[in-house]
Amino acid sequence: MGWDAFGLPAEQHAIATGEHPAVQTRRNIDNFRRQLQMLGFAIDWDRELSTTDENYFRWTQWIFLKLFRHGLAYVSEKPVWFCPALGTVLANEEVQNTPEGPRSERGSHPVERRPIRQWVLRITAYADKLIEGLDHVDWPDSTKRLQKNWIGKSEGAEVTFKLDGHADTLTVFTTRPDTLFGATYMVIAPEHPLIEKITSAEQKAAVNAYVAAVRNKSDLERTDLADKKKTGVFTGAYALNPVNGAKIPVWTADYVLITYGTGAIMAVPAHDERDWEFAKQFALPIIQVVGSKDAIDVNEQPWTEDGPMVNSGPFNGLSATETKKQITADLAAKGQGKLAVNFKLRDWLFSRQRYWGEPFPLLWVSREDYAKIPADSEVREFLPKEPVTCQLNGVEVCAVPLTSKQLPLTLPTVKSYQPSPTGDSPLSKEPEWTEVWYDVASGATVAQSQAQPGPLWVKASRETNTMPQWAGSCWYYLRYLDPQNAKDIASADALKYWGCPDFYIGGAEHAVLHLLYARFWHRFLHDIGVLPTAEPFTKLFHQGLIMGEDGEKMSKSRGNVVNPDSIVKDHGADALRMYLMFLGPLEASKPWSSEGISGITRFLKRLWRLSVDEATGGPSTKINDQAQEPEDFVRELHRTIQKVEKDIETLQFNTAISQMMILMNAAEKAPALRRETVETFVRLVAPFAPHVCEEIWARLGHQESVSGAAWPKFDPAKLMESTVEIIFQVNGKVRATVKVAKETSKEALLAMAKADPSVQKFLEGKPIVKEIVVPGRIVNLVVAG
RNA sequence: GCUCAGGUGGUGGAAUGGCAGACACGCUAGAUUCAGGUUCUAGUGCCCAUAAAGCGUAAGGGUUCAAGUCCCUUCCUGAGCACCA
């Protein structure tokens, strides 16, 4: 069991009450643990961990330092999603588009773009591996598709355009280099750095106004889909088409995103819907270069499918694929283009301006002090090849790591958990913790309030951001293998013995969050030799949510939360467990029903009465080893063993329980049962309702726990039926059913069907045009008319 | 707008192309009990006085001896993506 206990809920509680988040976290964990134990889940409590334990998060920090060491952690000042209500930045994956605009995944608060200094993990370096790895795991196709789309790989070319009258060039990314002859204008994003340089004097005012307007546009307005109208302004600059020297105007428009590709495009209105709309809007020329099937007029609508090239000089008549290849090769020869791959995936924004998270085990020192790190310094354990730098209060500083010996870096106690509106972490207000002497030889630190301990101790400021909640949950499954290990995240032996989770059950909402992040870390740890496996989760299954009784997601504000404590009080832990399984397919979302559970409660009471004698408390008087059980009942018993076994393996618990109820109905009708039969039944129910079965098992005279009893075996011979029911149909409609011996031949079945009075009634002497006989199942007579 | 998953009684849900509605809840009637959030019995898709027949798995069409299941069109619900060049 692992508690993923860092994060916003505990911190928001701390802000509201002043209580340390650790205190509330511990109280919550204790309550959850009590409830889980009450339900009797088979959890190995010796392997319990919490992501907030310093003996756990020292390894989270260690993994981060490994990423830092390998150049996969860097600082960015690009605009990021900031949530004023939560007082922190959020990763792309944590922001959702809603009709009200972009909102935080947690709490659905408005978010906005702000330029804030952030730690970022280079997950894009793993984009290809993260796509490729999906081919080797047994995951739902929908989830694989979700991840693939999120990573969004597209292959194409980068094409460099010379700018008329400028030394600068403009590089664009395109997936359609084949349509280069159809480029009639260019667009650069309003945030593009070149815009200042290339805008002509006449257009300066218009462009500045447009750029300012876009900057002030909220993300809601900018992504509003109801308003598909394109806006944009001509910059006054012209680019030269590398294939034919054509002079084409350069515009700026906000439908081109600075965050994707090069932030600039070549526009081919004849063959791209967005470019077509823009061209129509501003009366720009539209040139068809790809032949269409039904002579489509590209002035009326764009043609986005393939066809032979036209209006493309030497490439006329060639296929799109061939043209792509040749044009890209030609451009490469001229130094004006190359094959290129782009991803929608952005690097992972990894810092939060919060208190309740793992502190970054990093400090900032001046460039001069960074240069003092000796060649044999222990600090080099985690030092990257190139320093990671940023500007702090206008001064350039370099990031230096702690060493393994210095971990864990724990949180200081603070006066206030409140984040500042400017996006500073509460930790930044604790100078005693942040301002330290740092030994460039050993990585040790002491507070600056003390005297400088030695000549190699330099002034350093700790990083005051903390890691996001995902950090701790990225690798917890590895710690289960060896939770007490003080030397490694887990021993090599344990990693080799246990491997990875064979089967991972979790919500689909994690498809592009936890499941993507964890794969990234796992693959990285594999690449640096820490882990023997490349992929963490071999087989994945998404369970559905249990909804409130009103069919809506359970939430405190809605008041439809079901408290397990009161259910257990009324019906018992077994009934709760079993009813959750009986509600419906595991993968489906199903509403809770406070009435429905009584069906399970009744079933368990009936099992008790079937096995235990109320008067003596010993075995039921119905149990008699001399009993002759009817053949039908014995078959049902073995059918139940078979079905429960199979359904458990395929996670179809609802139908397993249905079958046990069918057996119960049959067992109550039997005049007497053999002890073996009752014990088999109890063993079948035991995994679902362990507590009551344990008690029954003891009442039946067993000293050992039923959980250790062997699983019943079904006898295939007992499943055989000597007679089968055959359906007689006329024109596909059932007219009679008969019981016959299993071996009855086709011919005999046919004769019986024809002789059956209720069948004859519908034959009415009409000619039979077709006879279908499926032995053991059905006879269908097709008559004319 | 695009992609995916769905749509079956009053409810949750069953159904290797072969009797639609298993199992359970609820409901109706009866019995048991001092009592019932007890237990037992019978019934419970629609139409119908009853039986027989007929109708019935979002709507329409198709394939098949036979379709909830396979194919096409439309509608609806849910999820994800959303100007990604």
Side-chain angles (χ1 to χ4, degrees), chain A residues 96-97 140-143 145-147 149-150 152-154 156 172-177 179 183 187 189 222-228 230 253-257 259-268 271-275 277-278 342-346 508-509 511-512 542 547 549 551 570-571 579 582-585 587-603 605-606 609 652 654-665 668 725-737 758 761-762 768-774 776-783:
Chain A
Q96 298 178 319
N97 277 309
D141 284 339
S142 57
T143 309
R145 208 166 22 234
L146 227 56
Q147 284 209 352
N149 289 346
W150 186 261
K153 180 178 185 172
S154 50
V172 303
F173 173 72
T174 178
T175 55
R176 298 293 303 273
T179 62
V187 185
R222 206 168 157 175
T223 57
D224 188 8
L225 295 162
D227 181 21
K228 281 209 116 182
K230 301 267 185 292
D254 65 358
Y255 83 91
V256 171
L257 309 174
T259 48
Y260 184 77
T262 62
I265 63 158
M266 64 177 214
V268 185
H271 306 293
D272 180 280
E273 277 181 35
R274 295 149 302 181
D275 297 346
E277 275 172 39
F278 192 84
N342 255 293
F343 297 95
K344 281 202 267 183
L345 183 71
R346 307 292 144 76
E509 69 276 13
V512 293
H542 297 307
M547 314 299 258
E549 207 148 4
D570 290 346
H571 298 274
Y579 184 54
F582 182 62
L583 266 175
E587 65 275 19
S589 285
K590 306 141 291 209
W592 173 260
S593 160
S594 53
E595 282 182 333
I597 192 173
S598 55
I600 294 291
T601 308
R602 273 173 213 155
F603 171 80
K605 284 182 178 171
R606 287 161 77 192
R609 287 196 298 269
Q652 291 166 299
N654 55 328
T655 48
I657 293 168
S658 293
Q659 181 59 41
M660 291 192 284
M661 288 173 166
I662 291 169
L663 182 65
M664 175 64 75
N665 292 338
E668 285 181 339
E725 208 161 74
I726 304 290
I727 300 149
F728 292 161
Q729 293 183 335
V730 178
N731 284 354
K733 295 209 155 98
V734 179
R735 298 305 178 189
T737 61
S758 14
K761 207 167 108 191
F762 288 91
I768 295 171
V769 294
K770 195 155 188 178
E771 295 164 347
I772 288 108
V773 184
V774 184
R777 273 193 192 283
I778 203 166
V779 177
N780 191 9
L781 302 174
V782 185
V783 296

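Because the structure is predicted, anything quoted here is derived from the model rather than measured. Below, read A as the first sequence line, B as the second, and so on, with proteins coming before strands; counting in each chain starts at 1.
- The residue A:Phe343 sits apart from the nucleic acid: no heavy atom pair falls under 4.0 Å.
- Contact annotation for A:His542: no contact, since no heavy-atom pair falls under 4.0 Å across all strands.
- Of the candidates B:C40, B:C65, B:A52, B:C40 carries the atom nearest the A:Arg606 side chain, counting heavy atoms from C-beta on.
- Remark: A:Thr655 is not in phosphate contact with B:A22, judged by side-chain N or O atoms under 4.0 Å from OP1 or OP2.
- The shortest side-chain heavy-atom distance between A:Arg346 and A:Thr259 falls under the 4.5 Å cut-off.
- With a 3.5 Å ceiling on both atom-pair distances, B:A14 lacks any Watson-Crick or G-U wobble partner.
- Closest of all the heavy-atom pairs between A:Asn780 and A:Asn731 is OD1-N, 3.5 Å.
- With P as the reference atom, B:U57 and B:G7 are 13 Å apart, rounded to whole Å.
- Separation of the C1' atoms belonging to B:C4 and B:G54 is 40 Å when rounded to the nearest angstrom.
- Picking from B:U38, B:C19, B:A85 the nucleotide with the shortest atom distance to the side chain of A:Asp272 gives B:A85.
- Counting all heavy atoms, side chain and backbone alike, A:Gly599 lies closest to A:Met661 at O-CE, 4.3 Å.
- Rounded to whole angstrom, the span from the CZ atom of A:Phe762 across to the P atom of B:A53 amounts to 6 Å.
- Dashed line: the shortest gap from a side-chain N or O of A:Arg609 to OP1 or OP2 of B:C40 is under 4.0 Å.
- For B:C71 and B:G17, the C1' atoms lie 14 Å apart once the distance is rounded to whole Å.
- Computed from coordinates, the A:Gln659 CD to B:A15 P distance equals 12 Å when rounded to whole Å.
- Backbone-only engagement by A:Asn665 is indicated by non-hydrogen atom pairs under 4.0 Å involving sugar-phosphate atoms exclusively.
- If you check every strand for non-hydrogen atoms under 4.0 Å, A:Ile772 touches a base.
- OP1 and OP2 of B:C19 both lie 4.0 Å or more from every side-chain N or O belonging to A:Arg735.
- Toward the 5′ end of RNA chain B lies the nearest nucleotide of A:Ala588, the other residue of the pair A:Arg346 and A:Ala588 mapping further downstream.
- An OP1 or OP2 oxygen of B:A14 is reached within less than 4.0 angstrom by a side-chain nitrogen or oxygen of A:Asn654.
- No hydrogens or angles were tested; on distance alone, nothing pairs the side chain of A:Gln729 with the base of B:C19 as donor and acceptor under 3.5 Å.
- Heavy atoms of A:Thr601 sit nowhere under 4.0 angstrom from any nucleic acid atom.
- At least one side-chain heavy atom of A:Ile265 sits under 4.5 Å from a side-chain heavy atom of A:Asp275.
- Under the 4.5 Å side-chain criterion, counting only non-hydrogen atoms from C-beta, A:Met664 is in contact with A:Glu668.
- The A:Glu595 side chain lies nearest to B:C25 when the options are B:C25, B:A24, B:C19.
- Remark: the separation of the C1' atoms in B:A24 and B:G13 is 9 Å, to the nearest Å.
- Taking every side-chain heavy atom of A:Pro585 into account, B:A14 is the closest of B:C19, B:A14, B:C23.
- Checking B:G78 for Watson-Crick or G-U wobble geometry (two distances, each under 3.5 Å) identifies B:C4 as its partner.
- The minimum heavy-atom distance linking A:Tyr260 with A:Phe343 is given by the pair CE1-O, 3.5 Å.
- A:Glu273 has its CD atom 13 Å from the C1' atom of B:A82, to the nearest Å.
- Listed candidates were B:C19, B:G26, B:C23. Nearest to the side chain of A:Ser598 is B:G26.
- Contact annotation: the side chain of A:Thr179 approaches that of A:Met266 to within less than 4.5 Å [non-hydrogen atoms, C-beta and beyond].
- Rounded to whole Å, the separation between the C1' atoms of B:A58 and B:G78 comes to 15 Å.
- Residue A:Ser589 is the one, among A:Thr175 and A:Ser589, whose nearest nucleotide of RNA chain B lies closer to the 5' end (criterion: closest heavy atom).
- Look at B:G54: its Watson-Crick or wobble partner, with both distances under 3.5 angstrom, is B:C46.
- Remark: P of B:G18 and CD1 of A:Ile727 are 10 Å apart, rounded to the nearest angstrom.
- In this structure, B:G60 and B:C72 make a Watson-Crick or G-U wobble pair, each of the two defining distances being under 3.5 angstrom.
- For A:Trp150 and B:U3, the CH2 to C1' distance is 15 Å, given to the nearest whole Å.
- Between A:Ile778 atom CD1 and B:G18 atom P the separation is 9 Å, expressed in whole Å.
- Of all nucleotides present, none satisfies the Watson-Crick or G-U wobble test against B:C19 with each distance under 3.5 Å.
- Looking only at distances, no side-chain donor or acceptor of A:Gln652 sits under 3.5 Å from a matching main-chain atom of A:Pro585.
- Between A:Lys733 atom NZ and B:A20 atom P the separation is 10 Å, expressed in whole Å.
- Contacts of A:Val774 with the nucleic acid, taken as non-hydrogen atoms under 4.0 Å apart, include base atoms.
- Comparing the C1' positions of B:U3 and B:U8 gives a spacing of 26 Å, expressed to the nearest Å.
- Here the nucleotide nearest the side chain of A:Arg602, chosen from B:U39, B:C19, B:C83, is B:U39.
- Put simply, CD1 on A:Ile726 is 21 Å from P on B:C65, counting in whole angstrom units.
- With a cut-off of 3.5 Å on both pairing distances, the Watson-Crick or G-U wobble partner of B:A31 is B:U39.
- Between A:Tyr260 and B:A85 there is a side-chain polar atom (N or O) within less than 4.0 angstrom of OP1 or OP2.
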